[in-house]
Each structure stands twice: as structure tokens, then as C-alpha cells.
Amino acid sequence: MTRRFLFMLGSARPDGNTELLARRAAEQLPAEVEQQWVSLVEHPLPDFVDLRHDKDHTRPTEGNTALLLDATLAATDIVIASPLYWYSLSSHTKRYLDHWSAWLRTPGVDFKATMAGRTLWGVTALGDDEPAVADPLIGTLYNSAAYLKMHFGGVLLGNGSAPGDVLKDTEALTRAKTFFAQDTPLARFPTP
């Protein structure tokens, strides 16, 4: 399968630090790798309603939910590009991941089997010098990948608060040059 990267932009600010860092990393991808960029602000999902036990659950066929489901299913690599908001993902990004719960039970989608073996990545900008403050965000992505038996490419961290600040983070820009070239192990929950 030809690699196809889906960049899910979860920032409330267009061209924010997280997006700038993700675009720097994406510049390093080979030309034959397809890229799709989707802003979750421009394609908002409705509030998540837990319909896991609803017998009338159907596959969305129109609107943003269908667009995001189709884009997710078509991707070999999903890049969650969310700034660090209150030590975790943005609300737009969290809502997108919440919809994965519905897609797990959508007839005809076989979401869990489809996502197995694909790769989940993260890119985030944080306004803190201590990278450990991003641990909850990283844990959310890693555990999501483990649950779906996906590979996990890690999270590219950059420092920046004011617009464009991340472009001054030379360490993050250096990591961006090889971020998508690294090995991506299968994510696994720790065993007791």
C-alpha cells in the first residue's frame, strides 16, 4: 500500500506553532508520499454522543463526520497535530478521537481491523521548557495506538507560545528533519 499521511490539525489558530512544526517535518517526506491536511476547526465534528449500544447506528455518508471517517480509513499514517492545551490534546482533537469510539461500532467499517498495522504520530507545540508536561498528551496517543494495534511513531515536541515561536526552536526543527524517517514500533500496553 502506498503511504498516505493524514495530518489532523487540532489548533484553534490557523498557521499556529504546531502546524508550522508539522509542515516542517512533512517537507522531508518523499514526493511520492501522499499528504492530506485537514483542519478540525474548518471541519468541526458534532459533539460526541455515545451510541455504542444503539441498534440504529449507521455509517455517516455526508458532512464532516463522513469526510473525516473516509480520510482516516484511507490513511496509512495519521498525524495528530494538536497543541498542548491544559496538558493534553485540544478539544477539537479530543472530539475527533472520541468519534473513533463510534467508528469502532459502525457497520461495514471494521475500524479496529483497518487501523491495525497503520502508524499514529503526534506533533505538538507547548509553551513550557519542561517536555514532561506533555506526558498526558503522549500517553493518550500511545494508548490509542496500542488499543488499535497500530504502530506509534512518537510525538515531535516543539516549544512555542506566541505565533511563529516554534521556528526559533532549533532543536525541534532539527528533529523534524528525520521525524517521519524513524522506526515505528508496534504500540503495546504494558503487561503486568
Side-chain angles (χ1 to χ4, degrees), residues 1 3-12 16 18-19 22 35-124 126 133-157 184-192:
M1 182 178 209
R3 288 184 82 188
R4 179 181 172 89
F5 275 70
L6 172 62
F7 291 84
M8 299 302 299
L9 304 175
S11 177
T18 297
E19 181 178 348
Q35 296 180 32
Q36 181 179 7
W37 294 77
V38 178
S39 166
L40 292 168
V41 171
E42 294 174 12
H43 299 89
L45 287 165
D47 286 338
F48 176 71
V49 177
D50 187 353
L51 299 174
R52 286 180 292 171
H53 306 290
D54 184 346
K55 301 290 184 226
D56 297 328
H57 193 70
T58 59
R59 188 187 202 289
T61 57
E62 59 185 33
N64 291 331
T65 305
L67 175 119
L68 295 176
L69 172 58
D70 291 342
T72 303
L73 293 173
T76 60
D77 295 79
I78 299 168
V79 182
I80 302 295
S82 172
L84 186 71
Y85 288 161
W86 284 102
Y87 311 104
S88 192
L89 301 162
S90 71
S91 60
H92 303 290
T93 307
K94 179 63 170 73
R95 182 175 293 138
Y96 166 68
L97 291 179
D98 285 346
H99 277 266
W100 286 18
S101 293
W103 299 342
L104 284 167
R105 290 156 185 87
T106 300
V109 171
D110 206 4
F111 190 76
K112 191 169 186 178
T114 301
M115 300 310 289
R118 301 199 180 184
T119 303
L120 185 64
W121 306 83
V123 177
T124 191
L126 53 144
V133 301
D135 286 350
L137 179 148
I138 295 167
T140 295
L141 295 180
Y142 183 88
N143 289 337
S144 298
Y147 179 75
L148 293 172
K149 298 183 178 10
M150 297 176 75
H151 293 263
F152 187 63
V155 177
L156 176 60
L157 298 175
T184 58
L186 191 63
R188 298 181 189 277
F189 290 117
T191 54

Can you give me the closest heavy-atom contact between Ser101 and Phe48, atom names plus distance?
CB-CZ, 3.9 Å
If the test is side-chain contact (heavy atoms from CB on, under 4.5 Å), which one of Leu6, Leu120, Leu9, Val123 qualifies with Val79?
Val123
Working note: Arg59 + Leu69, criterion side-chain contact (heavy atoms from CB on, under 4.5 Å); need CA distance, chi angles, decisive distance, verdict.
CA-CA 9 Å; Arg59 188 187 202 289; Leu69 172 58; 4.0 Å; yes
For the pair Trp103 and His99, name the ring-plane relationship: parallel under 30°, tilted 30 to 60°, perpendicular over 60°.
tilted
Test side-chain hydrogen bond (donor to acceptor under 3.5 Å, both in side chains), reference Arg3, set Thr119, Asp77, Thr76, output is Asp77
Which pair of heavy atoms, one from Tyr85 and one from Ala12, lies closest together, and at what distance?
OH-N, 3.5 Å
Worked check of side chain to side chain donor-acceptor pair (under 3.5 Å) between Thr72 and Tyr96
CA-CA 10 Å; Thr72 303; Tyr96 166 68; 2.7 Å; yes
Whether Tyr142 and Phe152 hold their rings parallel, tilted or perpendicular, with breakpoints at 30° and 60°:
perpendicular
Given the rule in the side-chain contact (heavy atoms from CB on, under 4.5 Å) test, do Thr140 and Lys94 qualify, once you have shown the distances and angles that lead to the verdict?
CA-CA 10 Å; Thr140 295; Lys94 179 63 170 73; 5.6 Å; no
Please give me the minimum heavy-atom distance between Leu40 and Gly10, naming the atom from each residue.
CD1-CA, 4.2 Å
Correct closest heavy-atom pair for Ala75 and Arg118 would be O-NH1, 2.6 Å
Correct closest heavy-atom pair for Ser82 and Leu137 would be O-CD1, 4.0 Å
When you look at Leu68 and Val38, which way does the side-chain contact (heavy atoms from CB on, under 4.5 Å) test go after all the steps?
CA-CA 8 Å; Leu68 295 176; Val38 178; 3.4 Å; yes
Check the pair Phe111, Leu73 against side-chain contact (heavy atoms from CB on, under 4.5 Å), reporting the backbone distance first and the verdict last.
CA-CA 8 Å; Phe111 190 76; Leu73 293 173; 3.8 Å; yes
